[in-house]
Protein chains: 2
Amino acid sequence: MTPSVQIDRLHTIDLQNPGHGHGERHDHGACVVSALERARTAFGDKGMKLTPLRQRVFEEIAGSHDALGAYDILDRMARKSGERLAPISVYRAIDALLAAGVVHRIESKNAFYACHAPHQGQERHIALVCERCQTVIEVSGADIFAAMETASAACGFKLSLAVAEGAGLCPSCATLLPIVLATDLVTQP
Amino acid sequence: MTPSVQIDRLHTIDLQNPGHGHGERHDHGACVVSALERARTAFGDKGMKLTPLRQRVFEEIAGSHDALGAYDILDRMARKSGERLAPISVYRAIDALLAAGVVHRIESKNAFYACHAPHQGQERHIALVCERCQTVIEVSGADIFAAMETASAACGFKLSLAVAEGAGLCPSCATLLPIVLATDLVTQP
DNA sequence: CCGTTAATGCAATGATGTATCATTCGGTAT
DNA sequence: ATACCGAATGATACATCATTGCATTAACGG
């Protein structure tokens, strides 16, 4: 049989605590508040303004540990406020958030996520997207970007912009998935 | 003054030999023919068929050393044949070419390029896109993907798909650009 | 020759992103 | 005050990227 049943079952587990692993508890409200605090700081430091619109957009992005598309954000904001912004408004807000460095773009998904563990300007990170629960986690990318720089320089290419991102199974899903599959083998002969 | 004039001047130089550096000569026809030969082999090896449509699409992609968007390909084919395919036809052909491994996608540009130095399945490469002349070059990415694997494994993430790509100045543009800018400083006080 | 599968054609639509121009709002020089 | 300026937002339209669903044709093995 195909694994679709198992996947559905796993997904209900995910939904108990969306985007945050399976067993852990996570105070999402506090998490967004602290992200917002860092965002305020980042905008201040750069002489930029965290306007109400930008803040609303940031709250949507930070309020999920998934990467959201611009139109997802648009939908969520419309559901909350009752009125729908023009796409360009959200894109402009996103541009400011990107410039401030408080959100990042996942090129391979055309989607955006908030830094929850901020790399204050200095350290480079890469995004890893879980294909099961969609959570985005960031890991240090120093070695990766160094390797890209080395490979580029070796052929005379002057690298000014590097993209690196991955997809696969996050720690929670990687450990849980085999268990669920094995369980199914027993319970569904 | 802004560098726009310099950039335009440089661009005319680029156009003398689009996508292939500034001083070198490049037999583009032969280059496409050999790419096509490798494509035929790749399709054969994989038990896939290089159909006429797929070949036409491949020729468009391989006929440029830039990365082309699907609608660019569509436009070019329409200009040649007089009739315009539906987008889906091109996308399906691209899917086959991607599956055969003879073209690759640049996620950060939503565009496709042909391998001109084929890595027959085994070695991983990354694409570097020149921001001046748009040429795509590929360099070995073994170290980069190894670093991504290491970084992922370190945090328990099971990486199944990795994307790495860069943008900057290709060797030709990197050496030519400063010269042109310096020349302008002299000739346009 | 027939049935099956792969490939293509065709129409519509969804999804993502931008150009252009008008308006609002907060500061600030006069 | 008020007149102006620049940054941010609003509004409409459009451009670009990609897929769904279904009909048709071509290729291949019996």
Side-chain angles (χ1 to χ4, degrees), chain A residues 39-40 42-44 46-61 66-78 81-100 102-113 129 134 163 165, chain B residues 39-40 43-44 46-61 66-79 81-100 102-113 129 134 163 165:
Chain A
R40 251 188 277 277
F43 272 82
K46 293 191 167 58
M48 300 173 63
K49 276 178 293 185
L50 182 55
T51 64
L53 179 63
R54 290 169 183 178
Q55 179 168 334
R56 283 172 63 203
V57 171
F58 180 72
E59 284 168 356
E60 288 304 333
I61 300 176
D66 300 6
L68 299 184
Y71 284 73
D72 283 339
I73 297 167
L74 218 41
D75 291 344
R76 291 174 186 225
M77 290 175 70
S81 75
E83 52 185 315
R84 190 178 185 77
L85 291 171
I88 186 68
S89 296
V90 166
Y91 278 105
R92 285 194 284 225
I94 290 171
D95 285 345
L97 295 168
L98 288 170
V102 298
V103 310
H104 297 304
R105 178 184 172 88
I106 299 185
E107 299 292 346
S108 52
K109 293 191 56 176
N110 297 334
F112 307 90
Y113 67 95
V129 184
Q134 314 302 321
V163 171
E165 49 204 40
Chain B
R40 252 188 275 278
F43 272 84
K46 294 191 167 58
M48 300 172 64
K49 278 177 293 187
L50 182 55
T51 64
L53 178 63
R54 291 169 183 177
Q55 179 168 332
R56 283 173 61 204
V57 170
F58 181 72
E59 284 168 354
E60 288 304 334
I61 300 176
D66 300 6
L68 300 184
Y71 281 68
D72 282 340
I73 297 166
L74 218 41
D75 291 345
R76 291 172 186 227
M77 290 175 70
R79 243 174 275 134
S81 76
E83 52 185 316
R84 189 177 186 79
L85 291 171
I88 186 64
S89 296
V90 167
Y91 278 106
R92 284 193 286 226
I94 291 172
D95 285 344
L97 297 168
L98 287 170
V102 299
V103 310
H104 298 302
R105 178 185 172 87
I106 299 185
E107 297 292 345
S108 53
K109 293 190 57 175
N110 297 333
F112 307 90
Y113 68 94
V129 184
Q134 313 304 321
V163 172
E165 47 204 39

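In the text below, chain A, chain B and the rest are named by the order of the sequence lines, each starting its count at 1.
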What is the distance, to the nearest angstrom, from the CD atom on E107(B) to the C1' atom on dC17(D)? 13 Å
I'd like to know if Y71(A) reaches the base of dG17(C) with its side chain, counting only an N/O donor and acceptor under 3.5 Å. yes
Using a cut-off of less than 4.0 Å, is there contact between a side-chain N or O of R54(B) and OP1 or OP2 of dT8(C)? yes
Would you tell me if any nitrogen or oxygen in the side chain of N110(B) comes within less than 4.0 Å of OP1 or OP2 on dT16(C)? no
Rounded to whole angstrom units, what separation is found between the CG atom of L68(A) and the P atom of dA15(C)? 15 Å
Base, sugar-phosphate, or nothing for L53(A), non-hydrogen atoms under 4.0 angstrom? sugar-phosphate
OP1 or OP2 of dT9(D) versus the side-chain N and O atoms of S89(A): is any pair under 4.0 Å? no
Pick the closest DNA chain C nucleotide for P87(B) and for F112(A) by heavy atoms, then say which residue is nearer the 5' end. P87(B)
Rounded to the nearest Å, what distance is computed from the CE atom of residue M48(A) to the P atom of nucleotide dA8(D)? 7 Å
Presence of T51(A) side-chain N/O under 4.0 Å of dA8(D) phosphate oxygens OP1/OP2: no
Value in whole Å for how far the P atom of dA7(C) lies from CZ of F43(B): 9 Å
Between dC10(C) and R92(B), is there an OP1 or OP2 to side-chain N/O distance shorter than 4.0 Å? no
What is the distance, rounded to the nearest whole Å, between atom CZ of R56(B) and atom P of dT8(C)? 11 Å
Validation row: F58(B), V102(B) side chains within 4.5 angstrom (heavy atoms): yes
How about V163(A) and E107(B): do any of their side-chain heavy atoms sit closer than 4.5 Å? no
Within less than 4.0 Å of OP1 or OP2 of dA18(D), is there a side-chain N or O belonging to R105(B)? yes
What is the distance from CG of D95(A) to C1' of dA7(D), rounded to the nearest Å? 14 Å
Measure from CZ on R84(A) to C1' on dT12(D) and round the result to the nearest Å. 15 Å
Can Y91(A) be classed as stacking with the base of dT18(C), given a centroid separation cut-off of 5.5 Å and a plane angle cut-off of 30°? no
Checking the side chain of R54(A) only, and the main-chain atoms of K49(A) only, is there a donor and an acceptor separated by less than 3.5 Å? yes
Would you please indicate if the ring centroids of F112(B) and H104(B) are separated by under 6.0 Å? no
Find the distance I88(A):CD1 to dT23(C):P and express it as a whole number of Å. 18 Å
Would you say M77(A) and L53(A) make side-chain contact, with heavy atoms under 4.5 Å? yes
Select from K109(B) and K49(B) the residue whose nearest nucleotide in DNA chain D is closer to the 5' end of that strand. K109(B)
